[in-house]
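Below is one structure, written out as structure tokens; the observations come after it.
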Amino acid sequence: MDFLLAFALTGLVACGGWIAWGFARGWTRARDRRHELRLAQARAAAELRQAEIREIELANETYQDFVRRHPER
């Protein structure tokens, strides 16, 4: 029993660095994915807002053109 415990402890100590490295790498990747997702969401929201602004500007130009062509109204 002592041999198995010593063997398991030795294996854990020998692989502990790799386990910690893997955990840290996984944590970093998850953090980066969350960050990229937030950036993509912000980018999509900005593009949507820009499309809405372009639509408003086009409507305004259309109205101004109509007023220019029909001054009697």
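This structure is a prediction, so every number in the text was calculated from the model and none was measured.
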What's the spacing between H35 NE2 and T28 OG1 if we round to 0.5 Å? 13.5 Å
According to salt bridge (Lys or Arg N to Asp or Glu O under 4.0 Å), does anything in residues 39-60 pair up with another residue at least two apart or in another chain? List the pairs. R49-E52
Qualifying salt bridge (Lys or Arg N to Asp or Glu O under 4.0 Å) pairs with a residue from residues 58-68, counting only residues at least two apart or across chains: D65-R68, D65-R69
By ring-ring contact (aromatic ring centres under 6.0 Å, His included), which residues pair with W27, not counting sequence neighbours? none
Relative to each other, are the rings of H70 and F66 parallel, tilted or perpendicular (30° and 60° limits)? tilted
Rounded to the nearest 0.5 Å, what's the gap from CD1 on I53 to CG on N60? Could you check? 13.0 Å
Nearest 0.5 Å, please: how far is CG in D32 from CG in L39? 10.5 Å
Within a 6.0 Å radius of atom CZ on R34, are there more than 12 heavy atoms belonging to other residues, nucleotides or ligands? yes
